[in-house]
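Okay, structure first, notes after.
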Amino acid sequence: MTLSQFVRQTRKRRIRRVVNGLVAFSVCFAIQFGHLATLPAEPDATPREPNVTPDVFLINVPLPIAGTVDIQVKHQIDRLISQATTSIPRPIVILEFAGQDNAAGERGDQTGQGSEFERALSLARYLVSDRLNGIRTVAFVAGDLQGHALLPVIACEELIVNPDAEIGAAGAGESFIDRTMRNNYAEIAAFRPAIPPAVAVGMLDPQASVLQVQTLDNVRYILDDELATLKQSTTVSQVESVVAAGDMARFTGRDLRLKYGFASHLAADRGALAEALQIPISALRDDPTLGGTRRPLRVDIERPINDKLVNWIITSINQQLAKQAVNFVCINITSPGGSTNDSLRLANYLTSLSDQDVRTVAFVPSEARADAALIALACDELVVGRNSVLGGPGATVIRK
């Protein structure tokens, strides 16, 4: 990746939290001793009444939903909601369905196809269970989604979707859709207001034909074999086909919101998601450990950047990853910069760590000058001292 490409990419990354030097120092000091302190919420210039901001918990759901993914996600939700400090407004649990690129605000590269029906159903049943009474569940679909990964999406109270995403074809990969599977989709959808049961079945079964029906009271979505019965009980003024038999329903995010109203909002990235939910973006910090233990590593960069230093850092981190000893890396930077090419090489390496479920945080207590700033900006989060300097003149000067 070239320098100009890297700079453009970093503009898409999530807004970094900036806290004062004392808090920043305490975070990385704790990491050195194997413990990660929780960063405080961003200060808000607007006075708030107490207990009006809901607790927000973001969980990235690994795709496809197979193996023990449902158990891990349920465990993480249990752990997080036990930490909720308020009940009014209701705590918000956001399930983010996206591939590995999502942390940078881009659409993921996993569609959910290959998700196991039993595992997806287990998670969906949990999401509509009494355990989550009093919890506002939000499904955020950041990229294309198909297969049984749609089932827990349907089980959420609210749907927010990327306008360019294509969602549907829940039955993709199934050679036979039986009555039990259809009933499970309809029953899960009946618990929640977002996706009507008939539409859920239409996403699953290519033999289902879904109709949009205008009655005297409202618009309904039904299967075609339910139309005659409906006409006996109410006046039907208009009938339109939503899904024809022979097709598994697929919808764009725009249609889900603008045409059918199934989605509450459109959001292309986490910034737009935070705006839609009227919460600070700093609340949208997922936990890559899925409720497990953080295994931190601190890397100190306290001299000019050169190839030998960068080679040592990359080799050392890779050795820890090979032993599965690390899932959290704090880069402690106090550097005047040095070699632009080597700083860019390390920055590209750090951005790739999100693909391995490793969270990176840059801590700049005083300065990361010139090309050293590229390293800091490549991390998932940036923590700086009150008087810290990023970029500008240093050991080398970056020019266009």
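Numbering starts at 1 and runs along the sequence shown. Predicted model only: the values in this text are computed from it and were never measured.
- For N162 (side chain) and G143 (main-chain N/O), no donor-acceptor pair under 3.5 Å exists by modelled atom type.
- N387 CG: 12 or fewer foreign heavy atoms inside a 6.0 Å radius.
- Side chains of H265 and E158 form a contact here, defined as non-hydrogen atoms less than 4.5 Å apart.
- Counting heavy atoms of neighbouring residues, nucleotides and ligands inside a 6.0 Å radius, atom OH of Y260 exceeds 12 of them.
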List the atom pairs, donor and acceptor, that lie under 3.5 Å between side-chain atoms in residues 239-253 and the rest of the protein, sequence neighbours left out.
| from | atom 1 | to | atom 2 | distance (Å) |
| --- | --- | --- | --- | --- |
| E240 | OE2 | Q238 | NE2 | 2.7 |
| T252 | OG1 | D255 | N | 3.1 |

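- Side-chain contact between L95 and I77 is present, with heavy atoms from C-beta onward closer than 4.5 Å.
- Across all their heavy atoms, P152 and L127 have their closest contact at O-CD1, 3.5 Å.
- Nearest heavy atoms, F97 versus A149: CE2-O, 3.9 Å.
- Residues forming a ring pair (Phe, Tyr, Trp, His ring centres under 6.0 Å) with Y221 (at least two apart in sequence, or on another chain): F262.
- A donor-acceptor pair shorter than 3.5 Å can be found between the side chains of H148 and E174.
- Residue Q214 qualifies as enclosed at atom CD: its count of foreign heavy atoms under 6.0 Å is above 12.
- Checked by atom type and distance alone, the side chain of D380 pairs as donor or acceptor with a backbone atom of T360 at under 3.5 Å.
- Hydrophobic clustering of Ile, Leu, Val, Met, Phe, Trp and Tyr side chains at less than 4.5 Å, counting indirect connections, keeps V199 apart from V236.
- Between the S264 side chain and the I160 main chain, no donor and acceptor come within less than 3.5 Å of each other.
- Between L350 atom CG and I375 atom CD1 the span is 7.5 Å, to the nearest 0.5 Å.
- Residues R359 and N327 are not in side-chain contact: their nearest non-hydrogen atoms beyond the backbone lie 4.5 Å or more apart.
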Salt bridge (charged side-chain N to carboxylate O under 4.0 Å, His left out) between R220 and E226, intermediate numbers included: CA-CA 11 Å; R220 303 186 189 184; E226 300 170 336; over 6 Å; no
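- Side chain of S129 to main chain of Y126: a donor-acceptor pair is present (N/O by atom type, distance under 3.5 Å, no hydrogens or angles).
- With contacts defined as side-chain heavy-atom distances shorter than 4.5 Å, the pair N184/R125 qualifies.
- Not a single donor-acceptor pair under 3.5 Å links the side chain of D205 to the backbone N or O of V201.
- Considering all non-hydrogen atoms of both residues, S122 and D70 come closest at OG-OD2, 3.1 Å.
- In this model, no donor atom of one side chain and acceptor atom of the other lie less than 3.5 Å apart for D144 and T111.
- The side-chain contact (heavy atoms from CB on, under 4.5 Å) test with C156 is passed by exactly one of L132, V138, T137: T137.
- S366 and T334 get closest at one heavy-atom pair: OG-CG2, 3.4 Å.
- Checking side-chain atoms of T315 against main-chain N and O of W312 turns up no donor-acceptor pair under 3.5 Å.
- Counting only distance, with no hydrogens or angles, the side chain of S335 and the backbone of A372 share no donor-acceptor pair below 3.5 Å.
- Side-chain contact between C379 and V361: absent, with no pair of heavy atoms (C-beta onward) separated by less than 4.5 Å.
- Using a cut-off of 4.0 Å between Lys/Arg side-chain N and Asp/Glu carboxylate O, R131 and D78 are scored as salt-bridged.
- Look at D164 and R254 and you find a salt bridge, because one of the NZ, NE, NH1 or NH2 atoms lies within 4.0 Å of a carboxylate O, short of that distance.
- For Q278, the CD atom is loosely surrounded, since the number of other residues' heavy atoms within 6.0 Å does not exceed 12.
- Taking a 4.5 Å side-chain heavy-atom cut-off between Ile, Leu, Val, Met, Phe, Trp and Tyr, the cluster of I71 contains only that residue.
- F117 is listed as a side-chain neighbour of L151, based on a closest heavy-atom distance under 4.5 Å.
- Panel note: side chain D342, backbone D307; a donor-acceptor pair is recorded below 3.5 Å.
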